[in-house]
Chemist: 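I have a structure here, written as structure tokens, and I will follow up with some questions on it.
For reference, positions follow the sequence shown, starting with 1. Order of appearance sets the numbers: ligands from 1, and atoms from 1 within every ligand.
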Amino acid sequence: HGYKFRMVDGRVMPPYITPRCYGLSRRIETRPADVCFVSYPKSGTTWLSYIIVLLTGKAAASLESSFYWVESSWTHPMTESDIASDRSPRLFKSHMPYDMALGGTPAQNPCKYIYIARNPKDVCSSYFYFESGKSWSGFYNGGWDHWLQMFTDGKVHRGDWFEHVLSWWEHRNADNILFLTYEELKMDPRAGLTKIARFLDVELTPGKLDEVARKVSFSEMKTTEFSAMKGVKEFGKFFRKGEIGSWKEYFTVAQNERFDALYASRMGSSGLDFIFM
Ligand code: A3P
């Protein structure tokens, strides 16, 4: 179905996770002030990235040039010395499970990691929309049923969703890890922003909270004239609905029942649960 991938450390990854870039991402020497935001794709990465950029004052000419995506070969060409000479805080994006994290093992890294997770039905639907017929890295042209099967088999880019999310969830109480959900951020953005600011040791005045909350709202971010978002490839694909529960437009009743059974067995007694609406 036109879907290209590369196996890296036993996981299905996009072709642009080259050995050179992945190797570099694992070797990066992080600093205490650095922030790495991590997610399974379609979980609110772009949203979280903009929140962190605004809270840390790292806004550059475009959103994508405000942070490093070291594991990927196609965003911005960079060298180890460019990254090493950049001032703190440096921001990093990653879509890796815990054991493939930026900088090696998070437990041995001084930087802060913020992981955002989203309910897997919305992730799977958003991912299907995102991968279907896009002009870069994929051209997936299969149908929904096939996509759902690939997703539940752990065969889409970044591998098995359950494994990915639970790998970070297990370490949620580490001092340098903050585990967030898309749903909590969506239902109470101000509480989410306050939590993130506290974790980052950033002072958040009521005025600044208002300003950031306004700028990161879905409607603001979706507006193409918004200068910080310029340069995001196929911009529109990153802002579809921005809601909880749009999976209902994709899953049939039978697919939903099968998914619920899988979810119950895979999440088990992890203590992690999501709002599906
Ligand atoms: P939908 O496809 O369900 O709309 P990522 O950035 O990890 O690729 O995630 C993309 C998803 O986050 C998309 O979900 C997108 O609409 C949603 N999103 C982007 N910006 C958002 C915002 N400011 N508020 C809520 N959701 C947002």
Chemist: Counting only heavy atoms and a distance below 4.0 Å, can you name the residues contacting ligand 1?
Modeler: K42, S43, G44, T45, T46, W47, R118, S126, Y182, V216, S217, F218, M221, F238, F239, R240, K241, G242
Chemist: Considering the options E131, H157, H95, which one meets the side-chain contact (heavy atoms from CB on, under 4.5 Å) requirement together with P41?
Modeler: H95
Chemist: What residues form a side-chain hydrogen bond (donor to acceptor under 3.5 Å, both in side chains) with S66, not counting sequence neighbours?
Modeler: none
Chemist: Does E203 have any side-chain hydrogen bond (donor to acceptor under 3.5 Å, both in side chains) partners at least two apart in sequence or in another chain, and if so, which?
Modeler: none
Chemist: Which pairs count as side-chain hydrogen bond (donor to acceptor under 3.5 Å, both in side chains) when at least one residue sits in residues 265-277, sequence neighbours excluded?
Modeler: D160-R266, Y263-D273
Chemist: Establish, from distance only, whether the side-chain atoms of N256 and K121 form a donor-acceptor pair under 3.5 Å.
Modeler: yes
Chemist: With a sphere of 6.0 Å drawn around CZ of R172, does it hold more than 12 non-hydrogen atoms of other residues, nucleotides or ligands?
Modeler: yes
